[in-house]
S.K.: 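Before anything else, here's the structure in question.
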Amino acid sequence: MARGNGYDVKDVRLAAAGRDRIEWAKKDMPVLRSIGDRFAKEKPLKGIRIAACLHVTTETAGLMQVLSAGGATVSLCASNPLSTQDAAAASLVRHDGIRVFAVKGENRKTYYGHILRALAIAPHVTMDDGADLVTVIHTGKREYLDNVIGGTEETTTGVIRLRAMADKGVLRYPIVAVNEARTKHFFDNRYGTGQSTIDGILRATNRLLAGSCFVIAGYGWCGRGLAMRARGMGARVLVTEVDPLPALEALMDGFEVVPMTEAAKVGDFFCTLTGNLHVLRREHFEKMKDGAIVCNSGHFNVEIDIPALARLSKSVRTIRPFVEEYRMRDGRALHVLAEGRLINLAAAEGHPSNVMDMSFANQALSVEYLVRQRKKLEDKVYDVPEPIDREIARLKLMATGVRIDRLTPEQKKYLASWEMGT
Ligand code: ADE
């Protein structure tokens, strides 16, 4: 472990390898790069201290560099104990002078210790993926509230937690919900999760998806993306839902929709993406086939009731990295991937840079917005302003070399009128 006053990473000697990987990621992040170029000239974040709690990946490293280029002082900790890419963390420490507190596989105590060390810079802005910084500040470290001007939130689960805080009147600073930008969830949640979840399952298991029965719990943006990609790999896809609307949508998208008690009997692969607790539990484990593979791609490791599975089992062993075999008392074996934590970040590398480009462009521009609007915003959860969302889409299309049409004056007039019918 490499520890210093301003960092705690696995090994700073991984820095050179990390720098190459970060460079590789940034090649596919043109929007973030263009924001970085502007930030370097204009320094819109001069004097701003940012504490970020994100998955410490090569893409996150790119974002940290952009914030630093904009004049901010940044500290970074992990938003999940298993998602850190140690080489990227080392490179940020050695080459960018950023305070990083993150080691892949850290235990719960270290995880929360790292959050406290990241917060020790007394941030003006918090940047969360799951709302842990906001929660720690509001529950135990209220002295930091004096400095904070606002925060950003990356993910659906975090936005739900923060809206609950705002509804209860306990949120003490404004938050920009980056997840709600269309240039975030249309692409990151759908295409990012779709591809990276399959990637994680395949890296962990090397099993064939073609011809298998793949059960997806939850048909939000992430579930939709995964269903689409699992079908593309030749699996028969079953969807489970609790909400009639997405259930209907899954049906009309061509998937079988069934209750989990039915799906449990036939699934070869199960993946939870609901944001809720104990979606797979004892009653389901009791019905699953021998050899079934169970994983989660939702933010927290609460969707699979692993303690209940352990109680049904007589032994547990790691049969491959990220694959735990639970040998049940009745002789069946069920396999849990990555301890029920985000499979796409634990066993693979998270979403590809191309979608994180837009997510992190939203992060960078939302921080700039918070700084510009400071004192004008209330203690509420705000959407990313529409002009920012549109501008990111425009820049992405431009970088991809795709041109689109413009409305003619006649069309503009038609859209603005109500008198014209057929
Ligand atoms: N969340 C999902 N994929 C990610 C990535 N590659 N980097 C940071 N956060 C992520």
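Atoms within a ligand are numbered from 1 in the order they appear, just like the ligands themselves.
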S.K.: Charged N to carboxylate O below 4.0 Å: is that the case for R236 and E256?
M.R.: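 A salt bridge links R236 with E256.
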S.K.: At what distance is the nearest protein heavy atom to atom 10 (C) of ligand 1, and which residue and atom is it?
M.R.: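 Ranking protein heavy atoms by distance from atom 10 (C) of ligand 1, first comes M356 CE, 3.6 Å.
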S.K.: Here's one to test your reading of the geometry: is the NZ or CZ of R203 within 45 degrees of the ring axis of F322 and under 6.0 Å from its centre?
M.R.: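 The answer is no; the distance or angle limit is not met.
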S.K.: What do we get for E349 next to ligand 1 when only non-hydrogen atoms under 4.0 Å count, side chain, backbone, both or neither?
M.R.: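 Only the backbone of E349 comes within reach of ligand 1.
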S.K.: Taking only Lys NZ, Arg NE, NH1 and NH2, and the carboxylate oxygens of Asp or Glu, determine whether D268 and K289 approach each other closer than 4.0 Å.
M.R.: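 Salt bridge: yes.
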S.K.: I need the atoms of ligand 1 closer than 4.0 Å to a non-hydrogen atom of F360, numbered in the order shown.
M.R.: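 Those qualifying, in numeric order: 8 (C).
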S.K.: Please tabulate, one pair per line, all N/O donor-acceptor pairs under 3.5 Å involving side-chain atoms of residues 62-70, not counting sequence neighbours.
M.R.:
unit_1 : atom_1 : unit_2 : atom_2 : d
Q65    : OE1    : K26    : NZ     : 2.6
Q65    : NE2    : D96    : OD1    : 3.4
Q65    : NE2    : D96    : OD2    : 3.2
S68    : OG     : M64    : O      : 3.1

S.K.: In terms of residue, atom name and distance, what is the protein heavy atom nearest to atom 1 (N) of ligand 1?
M.R.: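 Atom 1 (N) of ligand 1 sits closest to the protein heavy atom H55 CD2, 3.6 Å.
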S.K.: Need the ligand 1 atom indices (1-based, order shown) with element for anything under 4.0 Å from a heavy-atom of T60.
M.R.: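 Result: 7 (N), 8 (C).
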S.K.: Looking only at protein heavy atoms, identify the closest one to atom 3 (N) of ligand 1 and say how far it is in Å.
M.R.: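 Result for atom 3 (N) of ligand 1: H351 N, 2.8 Å.
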S.K.: Do any nitrogen or oxygen atoms of E59 come within less than 3.5 Å of a nitrogen or oxygen of ligand 1?
M.R.: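 Right, the criterion is met.
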S.K.: Below 3.5 Å, can you tabulate the donor-acceptor pairs from side chains in residues 71-79 to any protein atom, sequence neighbours excluded?
M.R.:
unit_1 : atom_1 : unit_2 : atom_2 : d
S75    : OG     : A118   : O      : 2.7
S79    : OG     : H55    : N      : 3.0
S79    : OG     : H55    : ND1    : 3.3

S.K.: Return the minimal non-hydrogen interatomic distance between P352 and E59, and the atom names on each side.
M.R.: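 Scanning both residues completely, I find the closest heavy atoms to be C-OE2, 4.4 Å.
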S.K.: Between N189 and H351, does the side-chain contact (heavy atoms from CB on, under 4.5 Å) criterion hold? Intermediate values first, please.
M.R.: CA-CA 9 Å; N189 301 30; H351 303 347; 5.7 Å; no
S.K.: Taking heavy atoms and a distance under 4.0 Å, where does L345 meet ligand 1: side chain, backbone, both or neither?
M.R.: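 Side chain only.
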S.K.: Return the closest protein heavy atom for atom 7 (N) of ligand 1 as residue, atom name and distance.
M.R.: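 The protein heavy atom lying closest is T57 OG1, 2.7 Å.
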